[in-house]
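These notes concern the structure reproduced below.
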Amino acid sequence: EPGLRVVLHLDLRKLRFDIRAGVRNQAITWIAAVFDENGDFVVGRETELAFRLKEATFQRLADGFVGGLTLPARPGHYRLRAVVQDGFESKITASSQPVEIH
């Protein structure tokens with residue numbers, strides 16, 4: 001089935017973590033949605049990422065954590081909207097771009 005593969009790259013060094021007993025805690029909410037040429041919602045998905053990282057693991061992942069998801073959609077022209085919110089400070093970042101599925 002055709003679809004759109006969406007990849008998230010997080011620079012963990014730019015996030016604040018709640019540090020307890022030497023473990024870095026953070027929860028990220030990631031929403032990816034596809035809209036048609038008229039701006040109507042086609043498909044979307046919300047994903048939550050829970051980080052519980054010891055210092056050695058954080059150092060290994062600090063340059064970048066990569067995650068992905070696939071949104072099923074028929075061939076056509078769309079707009080992809082992605083929103084990421086951190087669970088510690090509730091900061092939000094968003095991106096929107098045109099996409100074409102063949």
Side-chain angles (χ1 to χ4, degrees):
E1 182 175 320
L4 180 64
R5 182 73 179 157
V6 183
V7 177
L8 170 70
H9 178 268
L10 289 174
D11 182 347
L12 299 182
R13 293 173 299 180
K14 294 189 179 182
L15 293 173
R16 286 196 49 203
F17 286 80
D18 179 27
I19 301 173
R20 294 182 188 188
V23 177
R24 292 175 180 255
N25 299 284
Q26 175 61 272
I28 301 294
T29 302
W30 175 29
I31 300 171
V34 174
F35 299 88
D36 67 16
E37 292 180 294
N38 297 319
D40 296 322
F41 176 81
V42 175
V43 64
R45 187 166 161 198
E46 179 177 341
T47 302
E48 294 199 21
L49 305 168
F51 293 98
R52 309 284 181 262
L53 306 174
K54 292 183 179 178
E55 190 60 30
T57 305
F58 174 78
Q59 292 303 325
R60 217 172 33 250
L61 296 175
D63 288 335
F65 171 84
V66 178
L69 59 85
T70 300
L71 299 173
R74 294 189 168 134
H77 295 272
Y78 300 97
R79 176 154 299 278
L80 170 66
R81 180 78 172 157
V83 179
V84 178
Q85 181 177 22
D86 84 83
F88 188 65
E89 295 181 306
S90 297
K91 290 184 177 180
I92 295 175
T93 188
S95 175
S96 187
Q97 64 183 14
V99 295
E100 182 179 356
I101 298 174
H102 297 280

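When hydrophobic clusters are built by joining Ile, Leu, Val, Met, Phe, Trp and Tyr residues whose side-chain heavy atoms come closer than 4.5 Å, directly or via intermediates, V84 is grouped together with L61. Side-chain heavy atoms closer than 4.5 Å link hydrophobic residues (I, L, V, M, F, W, Y) into clusters, and following such links, possibly through other members, connects V42 to V99. When the side chains of ILVMFWY residues are joined at heavy-atom separations under 4.5 Å, either directly or via intervening members, V83 and L80 end up in two distinct hydrophobic clusters. Note on I31: it does not cluster hydrophobically with L15, by side-chain heavy-atom contacts below 4.5 Å among ILVMFWY residues.
Each of L69, V6, V34 was compared with R45 under the side chain to side chain contact (heavy atoms under 4.5 Å, CB included) criterion, and only L69 meets it.
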What's the verdict on side-chain contact (heavy atoms from CB on, under 4.5 Å) for Q26 and I28, showing C-alpha distance, side-chain angles and the deciding distance?
CA-CA 7 Å; Q26 175 61 272; I28 301 294; 3.9 Å; yes
Apply the test side-chain contact (heavy atoms from CB on, under 4.5 Å) to residues D63 and R13: give CA-CA distance (whole Å), side-chain angles for both, the deciding distance (0.1 Å), then the verdict.
CA-CA 7 Å; D63 288 335; R13 293 173 299 180; 3.3 Å; yes
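Within the 3.5 Å criterion, the main-chain N or O of D40 finds no donor-acceptor partner in the side chain of N38. The backbone N or O of A27 sits nowhere less than 3.5 Å from a side-chain atom of E48 that would complete a donor-acceptor pair.
Between R20 and D18 there is a side-chain heavy-atom pair separated by less than 4.5 Å. You'll find the side chain of Y78 stays beyond 4.5 Å of the side chain of L4, heavy atoms only. A heavy-atom distance below 4.5 Å is found between the side chains of R81 and S96. You'll find the side chain of L53 reaches within 4.5 Å of the side chain of L12, heavy atoms only.
In R5, the CZ atom is crowded: over 12 heavy atoms of neighbouring residues, nucleotides or ligands sit closer than 6.0 Å. R74 CZ: 12 or fewer foreign heavy atoms inside a 6.0 Å radius.
Note that CG of L49 and CG of D86 are 12.0 Å apart. Values are rounded to the nearest 0.5 Å. With rounding to the nearest 0.5 angstrom, the CG atom of D36 is 11.0 Å from the CZ atom of F41. K91 contributes atom NZ, which lies 12.0 Å from atom CD of Q85 (distance to the nearest 0.5 angstrom). Interatomic distance, CZ of F51 versus CZ of F65, reported as 4.5 Å (0.5 Å rounding). Atom CD1 of I19 is separated from atom CZ of F88 by 8.5 Å, given to the nearest 0.5 angstrom.
Residues I101 and A73 come closest through the heavy atom pair CD1-CB, 3.6 Å. Taking both residues in full, the closest heavy atoms of W30 and A82 are given as NE1-CB, 4.2 Å, listed atom of the first, atom of the second, then distance.
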